[in-house]
Protein chains: 2
Amino acid sequence: MKPLIHPAIEDVPLAAILHALADPVRVALFAEIVAQDCPRSCSRLVSVLDAPIPKSTLSQHLRILREAGLIRGERHGVEMRNASRCPEIETHYPGLLTSIVGAHEIQMDAGKKRASRLARKAARA
Amino acid sequence: MKPLIHPAIEDVPLAAILHALADPVRVALFAEIVAQDCPRSCSRLVSVLDAPIPKSTLSQHLRILREAGLIRGERHGVEMRNASRCPEIETHYPGLLTSIVGAHEIQMDAGKKRASRLARKAARA
DNA sequence: TTCAGTAGTTCTGAATATATGAACAATGGA
DNA sequence: TCCATTGTTCATATATTCAGAACTACTGAA
(Lines give C-alpha, C1' and ligand atoms only; values in the text may rest on other atoms or scores of the structure.)
Protein backbone atom coordinates (compact mmCIF):
# COMPACT_ATOMS: atom_id res chain seq x y z
CA MET A 1 0.00 0.00 0.00
CA LYS A 2 1.64 3.20 -1.16
CA PRO A 3 1.84 6.14 1.24
CA LEU A 4 -0.69 8.92 0.63
CA ILE A 5 0.48 12.08 -1.13
CA HIS A 6 -0.48 15.43 0.38
CA PRO A 7 1.27 18.24 -1.48
CA ALA A 8 1.75 21.71 -0.01
CA ILE A 9 -0.83 24.06 -1.50
CA GLU A 10 1.80 26.35 -3.02
CA ASP A 11 3.12 23.37 -4.98
CA VAL A 12 -0.24 22.59 -6.56
CA PRO A 13 -0.90 24.34 -9.88
CA LEU A 14 -4.26 26.10 -10.04
CA ALA A 15 -5.02 23.95 -13.09
CA ALA A 16 -4.81 20.82 -10.93
CA ILE A 17 -7.29 22.24 -8.42
CA LEU A 18 -9.76 23.23 -11.12
CA HIS A 19 -9.29 19.96 -12.95
CA ALA A 20 -10.00 18.04 -9.75
CA LEU A 21 -13.27 19.92 -9.30
CA ALA A 22 -14.20 19.86 -13.01
CA ASP A 23 -15.99 16.56 -12.64
CA PRO A 24 -19.56 16.17 -11.39
CA VAL A 25 -18.69 13.25 -9.13
CA ARG A 26 -15.65 14.92 -7.61
CA VAL A 27 -17.34 18.27 -6.83
CA ALA A 28 -20.18 16.36 -5.23
CA LEU A 29 -17.73 14.36 -3.10
CA PHE A 30 -15.78 17.48 -2.18
CA ALA A 31 -18.91 19.49 -1.36
CA GLU A 32 -20.03 16.70 0.97
CA ILE A 33 -16.63 16.54 2.68
CA VAL A 34 -16.69 20.32 3.13
CA ALA A 35 -20.26 20.32 4.41
CA GLN A 36 -19.60 17.76 7.14
CA ASP A 37 -17.29 18.82 9.91
CA CYS A 38 -16.07 15.30 10.70
CA PRO A 39 -14.09 13.35 8.09
CA ARG A 40 -16.02 11.03 5.81
CA SER A 41 -15.11 7.45 4.96
CA CYS A 42 -15.19 6.42 1.31
CA SER A 43 -18.17 4.13 1.71
CA ARG A 44 -20.23 6.85 3.41
CA LEU A 45 -19.33 9.22 0.58
CA VAL A 46 -20.76 6.99 -2.14
CA SER A 47 -24.21 7.34 -0.62
CA VAL A 48 -24.41 11.07 -1.41
CA LEU A 49 -23.96 10.48 -5.14
CA ASP A 50 -26.91 10.32 -7.51
CA ALA A 51 -25.66 7.16 -9.17
CA PRO A 52 -23.60 4.48 -7.43
CA ILE A 53 -20.07 4.17 -8.77
CA PRO A 54 -17.56 1.30 -8.61
CA LYS A 55 -15.20 1.49 -5.66
CA SER A 56 -12.13 1.50 -7.89
CA THR A 57 -13.46 4.64 -9.56
CA LEU A 58 -14.21 6.24 -6.20
CA SER A 59 -10.70 5.47 -5.05
CA GLN A 60 -9.23 7.20 -8.13
CA HIS A 61 -11.47 10.25 -7.68
CA LEU A 62 -10.37 10.62 -4.07
CA ARG A 63 -6.74 10.25 -5.05
CA ILE A 64 -7.14 13.10 -7.54
CA LEU A 65 -8.77 15.32 -4.92
CA ARG A 66 -5.97 14.42 -2.48
CA GLU A 67 -3.13 15.09 -4.91
CA ALA A 68 -4.73 18.42 -5.84
CA GLY A 69 -4.36 19.38 -2.18
CA LEU A 70 -8.12 19.59 -1.65
CA ILE A 71 -8.57 16.87 0.93
CA ARG A 72 -6.48 15.07 3.49
CA GLY A 73 -6.83 11.32 3.85
CA GLU A 74 -5.97 9.30 6.94
CA ARG A 75 -6.17 5.58 7.29
CA HIS A 76 -7.89 4.49 10.48
CA GLY A 77 -7.82 0.74 10.68
CA VAL A 78 -9.60 -0.62 7.69
CA GLU A 79 -11.23 2.62 6.67
CA MET A 80 -10.02 5.86 5.16
CA ARG A 81 -11.16 9.18 6.57
CA ASN A 82 -11.28 12.17 4.26
CA ALA A 83 -11.18 15.72 5.57
CA SER A 84 -11.21 19.02 3.68
CA ARG A 85 -8.15 21.26 3.51
CA CYS A 86 -10.21 24.39 2.86
CA PRO A 87 -8.62 26.65 5.48
CA GLU A 88 -5.13 26.16 4.03
CA ILE A 89 -6.32 26.79 0.50
CA GLU A 90 -8.40 29.77 1.58
CA THR A 91 -5.24 31.55 2.77
CA HIS A 92 -3.55 30.92 -0.57
CA TYR A 93 -6.49 31.43 -2.95
CA PRO A 94 -9.07 33.47 -1.04
CA GLY A 95 -12.68 32.80 -2.00
CA LEU A 96 -11.88 30.16 -4.58
CA LEU A 97 -13.35 27.09 -2.96
CA THR A 98 -16.26 28.97 -1.42
CA SER A 99 -17.41 30.21 -4.79
CA ILE A 100 -16.96 26.84 -6.50
CA VAL A 101 -18.83 24.92 -3.82
CA GLY A 102 -21.43 27.70 -3.89
CA ALA A 103 -21.80 27.36 -7.65
CA HIS A 104 -22.18 23.62 -7.23
CA GLU A 105 -25.04 24.15 -4.80
CA ILE A 106 -26.70 26.64 -7.12
CA GLN A 107 -26.51 24.07 -9.87
CA MET A 108 -27.97 21.33 -7.68
CA ASP A 109 -30.88 23.57 -6.69
CA ALA A 110 -31.54 24.46 -10.32
CA GLY A 111 -31.53 20.76 -11.15
CA LYS A 112 -34.06 19.98 -8.42
CA LYS A 113 -36.39 22.77 -9.54
CA ARG A 114 -36.18 21.58 -13.14
CA ALA A 115 -36.98 18.02 -12.07
CA SER A 116 -40.02 19.01 -10.00
CA ARG A 117 -41.29 21.22 -12.84
CA LEU A 118 -41.07 18.23 -15.17
CA ALA A 119 -42.78 16.01 -12.58
CA ARG A 120 -45.74 18.44 -12.22
CA LYS A 121 -45.99 18.66 -15.98
CA ALA A 122 -46.05 14.86 -16.27
CA ALA A 123 -48.68 14.63 -13.50
CA ARG A 124 -50.99 17.05 -15.34
CA ALA A 125 -50.70 15.08 -18.59
CA MET B 1 -17.45 27.06 -41.71
CA LYS B 2 -19.76 25.92 -38.94
CA PRO B 3 -21.75 28.53 -37.05
CA LEU B 4 -20.40 29.43 -33.60
CA ILE B 5 -22.09 27.89 -30.57
CA HIS B 6 -22.96 30.20 -27.65
CA PRO B 7 -25.01 28.29 -25.10
CA ALA B 8 -27.18 29.99 -22.48
CA ILE B 9 -25.34 30.00 -19.15
CA GLU B 10 -28.05 28.00 -17.41
CA ASP B 11 -27.53 25.22 -19.96
CA VAL B 12 -23.80 24.94 -19.24
CA PRO B 13 -22.89 22.43 -16.53
CA LEU B 14 -20.57 23.83 -13.88
CA ALA B 15 -18.18 20.99 -14.74
CA ALA B 16 -17.82 22.39 -18.28
CA ILE B 17 -16.94 25.85 -16.95
CA LEU B 18 -14.34 24.47 -14.54
CA HIS B 19 -12.97 22.11 -17.17
CA ALA B 20 -12.57 24.99 -19.60
CA LEU B 21 -10.55 26.93 -17.04
CA ALA B 22 -8.62 23.88 -15.78
CA ASP B 23 -5.90 24.39 -18.35
CA PRO B 24 -3.01 26.82 -18.01
CA VAL B 25 -3.34 28.09 -21.58
CA ARG B 26 -7.09 28.57 -21.38
CA VAL B 27 -7.10 30.46 -18.05
CA ALA B 28 -4.37 32.70 -19.39
CA LEU B 29 -6.41 33.39 -22.55
CA PHE B 30 -9.56 33.99 -20.54
CA ALA B 31 -7.81 36.24 -18.02
CA GLU B 32 -6.48 38.34 -20.91
CA ILE B 33 -9.92 38.59 -22.53
CA VAL B 34 -11.42 39.62 -19.19
CA ALA B 35 -8.68 42.16 -18.50
CA GLN B 36 -9.10 43.97 -21.82
CA ASP B 37 -12.37 45.77 -22.31
CA CYS B 38 -12.36 45.49 -26.09
CA PRO B 39 -12.59 42.05 -27.72
CA ARG B 40 -9.33 40.33 -28.60
CA SER B 41 -8.53 38.64 -31.91
CA CYS B 42 -6.98 35.18 -31.82
CA SER B 43 -3.62 36.32 -33.12
CA ARG B 44 -3.33 39.07 -30.51
CA LEU B 45 -4.16 36.54 -27.81
CA VAL B 46 -1.26 34.24 -28.66
CA SER B 47 1.17 36.99 -27.76
CA VAL B 48 0.20 36.97 -24.07
CA LEU B 49 1.15 33.31 -23.67
CA ASP B 50 4.52 32.25 -22.27
CA ALA B 51 5.10 29.75 -25.06
CA PRO B 52 3.80 30.12 -28.61
CA ILE B 53 1.22 27.47 -29.53
CA PRO B 54 0.07 26.20 -32.93
CA LYS B 55 -2.97 28.01 -34.26
CA SER B 56 -4.98 24.81 -34.53
CA THR B 57 -4.53 24.31 -30.80
CA LEU B 58 -5.47 27.90 -30.11
CA SER B 59 -8.60 27.48 -32.17
CA GLN B 60 -9.62 24.41 -30.14
CA HIS B 61 -8.96 26.18 -26.83
CA LEU B 62 -11.14 29.11 -27.86
CA ARG B 63 -13.91 26.77 -28.99
CA ILE B 64 -13.87 25.11 -25.57
CA LEU B 65 -14.07 28.49 -23.81
CA ARG B 66 -16.92 29.49 -26.14
CA GLU B 67 -18.93 26.32 -25.68
CA ALA B 68 -18.50 26.61 -21.92
CA GLY B 69 -20.28 29.97 -22.20
CA LEU B 70 -17.23 31.90 -21.02
CA ILE B 71 -16.57 33.97 -24.12
CA ARG B 72 -18.50 35.23 -27.10
CA GLY B 73 -16.89 35.08 -30.52
CA GLU B 74 -17.81 37.23 -33.48
CA ARG B 75 -16.34 36.99 -36.93
CA HIS B 76 -15.41 40.39 -38.34
CA GLY B 77 -14.16 39.92 -41.85
CA VAL B 78 -11.19 37.68 -41.69
CA GLU B 79 -10.67 37.93 -37.98
CA MET B 80 -12.46 36.60 -34.93
CA ARG B 81 -13.12 38.87 -31.97
CA ASN B 82 -13.43 37.29 -28.55
CA ALA B 83 -15.26 39.02 -25.71
CA SER B 84 -15.89 37.85 -22.16
CA ARG B 85 -19.38 36.88 -20.98
CA CYS B 86 -18.53 37.57 -17.33
CA PRO B 87 -21.58 39.71 -16.49
CA GLU B 88 -24.03 36.98 -17.55
CA ILE B 89 -22.14 34.33 -15.61
CA GLU B 90 -21.79 36.59 -12.58
CA THR B 91 -25.57 36.75 -12.23
CA HIS B 92 -25.83 32.97 -12.37
CA TYR B 93 -22.74 31.99 -10.35
CA PRO B 94 -21.80 35.04 -8.27
CA GLY B 95 -18.11 35.41 -7.53
CA LEU B 96 -17.05 32.31 -9.45
CA LEU B 97 -15.08 33.89 -12.27
CA THR B 98 -13.70 36.69 -10.13
CA SER B 99 -12.15 34.22 -7.70
CA ILE B 100 -10.78 31.96 -10.43
CA VAL B 101 -9.20 34.81 -12.38
CA GLY B 102 -7.95 36.18 -9.05
CA ALA B 103 -6.38 32.82 -8.20
CA HIS B 104 -4.75 32.75 -11.61
CA GLU B 105 -3.17 36.13 -10.98
CA ILE B 106 -1.95 35.04 -7.55
CA GLN B 107 -0.34 32.04 -9.18
CA MET B 108 1.34 34.17 -11.87
CA ASP B 109 2.76 36.51 -9.25
CA ALA B 110 4.07 33.58 -7.20
CA GLY B 111 5.69 32.20 -10.36
CA LYS B 112 7.42 35.51 -11.09
CA LYS B 113 8.75 35.80 -7.55
CA ARG B 114 10.06 32.26 -7.68
CA ALA B 115 11.78 32.95 -11.01
CA SER B 116 13.50 36.12 -9.79
CA ARG B 117 14.62 34.33 -6.61
CA LEU B 118 16.20 31.64 -8.74
CA ALA B 119 17.82 34.25 -10.99
CA ARG B 120 19.43 36.04 -8.01
CA LYS B 121 20.66 32.72 -6.68
CA ALA B 122 22.20 31.86 -10.05
CA ALA B 123 23.83 35.31 -10.26
CA ARG B 124 25.51 34.84 -6.87
CA ALA B 125 26.92 31.44 -7.84
C1' DT C 1 -11.75 38.52 -61.96
C1' DT C 2 -7.93 36.45 -60.54
C1' DC C 3 -4.25 36.08 -57.44
C1' DA C 4 -1.79 36.35 -53.05
C1' DG C 5 -1.88 37.05 -48.30
C1' DT C 6 -4.01 36.80 -43.81
C1' DA C 7 -6.84 34.71 -40.03
C1' DG C 8 -8.96 30.83 -38.44
C1' DT C 9 -11.09 26.15 -38.78
C1' DT C 10 -11.47 21.24 -39.56
C1' DC C 11 -9.61 16.73 -40.18
C1' DT C 12 -6.77 13.10 -38.67
C1' DG C 13 -3.59 10.06 -36.34
C1' DA C 14 -0.57 9.76 -32.38
C1' DA C 15 -0.05 10.54 -27.54
C1' DT C 16 -2.34 10.91 -23.26
C1' DA C 17 -5.88 10.39 -19.81
C1' DT C 18 -9.94 8.01 -17.68
C1' DA C 19 -13.09 4.34 -16.09
C1' DT C 20 -13.80 -0.04 -14.33
C1' DG C 21 -13.52 -5.24 -13.54
C1' DA C 22 -10.44 -8.36 -11.35
C1' DA C 23 -6.92 -9.32 -8.33
C1' DC C 24 -4.73 -7.70 -4.29
C1' DA C 25 -3.36 -5.67 0.52
C1' DA C 26 -4.49 -4.37 5.20
C1' DT C 27 -7.11 -4.55 9.21
C1' DG C 28 -10.36 -6.43 12.79
C1' DG C 29 -13.06 -9.74 14.67
C1' DA C 30 -15.03 -14.81 15.39
C1' DT D 1 -6.47 -19.10 11.40
C1' DC D 2 -10.19 -17.81 8.48
C1' DC D 3 -13.36 -14.61 6.96
C1' DA D 4 -15.57 -10.18 6.19
C1' DT D 5 -14.86 -5.41 5.35
C1' DT D 6 -12.53 -1.34 3.14
C1' DG D 7 -10.05 0.35 0.12
C1' DT D 8 -5.95 0.14 -3.52
C1' DT D 9 -3.55 -1.31 -7.66
C1' DC D 10 -3.21 -3.34 -12.17
C1' DA D 11 -4.64 -4.11 -16.91
C1' DT D 12 -7.03 -2.58 -20.62
C1' DA D 13 -10.81 -0.73 -23.24
C1' DT D 14 -12.50 3.79 -24.18
C1' DA D 15 -12.35 8.65 -24.61
C1' DT D 16 -9.90 13.14 -24.93
C1' DT D 17 -6.38 16.17 -26.43
C1' DC D 18 -2.60 17.97 -29.30
C1' DA D 19 -0.66 19.59 -33.46
C1' DG D 20 0.56 19.14 -38.49
C1' DA D 21 -1.63 19.38 -42.96
C1' DA D 22 -5.19 20.67 -45.72
C1' DC D 23 -8.97 23.60 -46.00
C1' DT D 24 -12.43 27.82 -45.86
C1' DA D 25 -13.39 32.61 -45.80
C1' DC D 26 -12.37 37.14 -46.43
C1' DT D 27 -9.54 41.33 -48.21
C1' DG D 28 -6.88 44.11 -51.17
C1' DA D 29 -4.01 44.61 -55.22
C1' DA D 30 -3.02 43.86 -59.99
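Just so we're on the same page: letters track the sequence lines, and every chain starts at 1.
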Tell me the salt bridge (charged side-chain N to carboxylate O under 4.0 Å, His left out) pairs involving [range], sequence neighbours left out?
{"range": "residues 34-46 of chain B", "value": "B:Glu32-B:Arg40"}
{"range": "residues 1-21 of chain A", "value": "none"}
{"range": "residues 54-69 of chain B", "value": "B:Arg63-B:Glu67"}

DNA chain C contacts among residues 66-86 of chain B, heavy-atom distance under 4.0 Å: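 DNA chain C contact set from residues 66-86 of chain B: B:Arg75, B:Val78, B:Glu79, B:Met80.
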Is there a residue in residues 33-58 of chain B whose heavy atoms reach under 4.0 Å of DNA chain C, and which residues are they? B:Ser41, B:Cys42, B:Ser43, B:Lys55, B:Ser56
Output all residues satisfying side-chain hydrogen bond (donor to acceptor under 3.5 Å, both in side chains) with A:Glu105, sequence neighbours left out; order by chain, then residue number. none
Identify, with sequence neighbours excluded, every residue that meets side-chain hydrogen bond (donor to acceptor under 3.5 Å, both in side chains) alongside A:Ser41. A:Ser43
Taking side chain as C-beta onward, heavy atoms only, is B:His6 less than 4.5 Å from B:Ile71? no
Heavy atoms of chain B, cut-off under 4.0 Å: which first and last nucleotide of DNA chain C, 5' to 3', fall inside that, if you could look? C:dT6 to C:dC11
What donor-acceptor contacts under 3.5 angstrom involve side-chain atoms of residues 12-25 of chain B, with partners at least two apart or in another chain?
residue : atom : partner : partner atom : Å
B:Asp23 : OD1  : B:Val25 : N            : 2.8
B:Asp23 : OD1  : B:Arg26 : N            : 3.2

Ignoring hydrogens and angles, write down the donor-acceptor pairs under 3.5 Å from the side chains of residues 86-93 of chain A, residues two or more places apart or on other chains.
residue : atom : partner : partner atom : Å
A:Glu88 : OE1  : A:Arg85 : NE           : 3.4
A:Glu88 : OE1  : A:Arg85 : NH2          : 2.8
A:Glu88 : OE2  : A:Arg72 : NH2          : 3.3
A:Glu88 : OE2  : A:Arg85 : NE           : 2.9
A:Glu90 : OE1  : A:Gly95 : N            : 3.2
A:Glu90 : OE2  : A:Gly95 : N            : 3.2
A:Thr91 : OG1  : A:Glu88 : O            : 2.7

First-last contacting nucleotides on DNA chain D - partner chain B, under 4.0 angstrom, heavy atom: D:dT17 to D:dT27
Let me know which of A:Ile53, A:Asn82, A:Leu49 forms a side-chain contact (heavy atoms from CB on, under 4.5 Å) with A:Leu29. A:Leu49
At their closest point, which heavy atom of A:Ile33 faces which heavy atom of A:Ala83, and how far apart are they?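 The pair with the smallest heavy-atom distance is CG2-C, 3.7 Å.
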Got a list of side-chain donor-acceptor pairs under 3.5 Å for residues 115-125 of chain A, not counting sequence neighbours?
residue  : atom : partner  : partner atom : Å
A:Ser116 : OG   : A:Lys113 : O            : 3.1

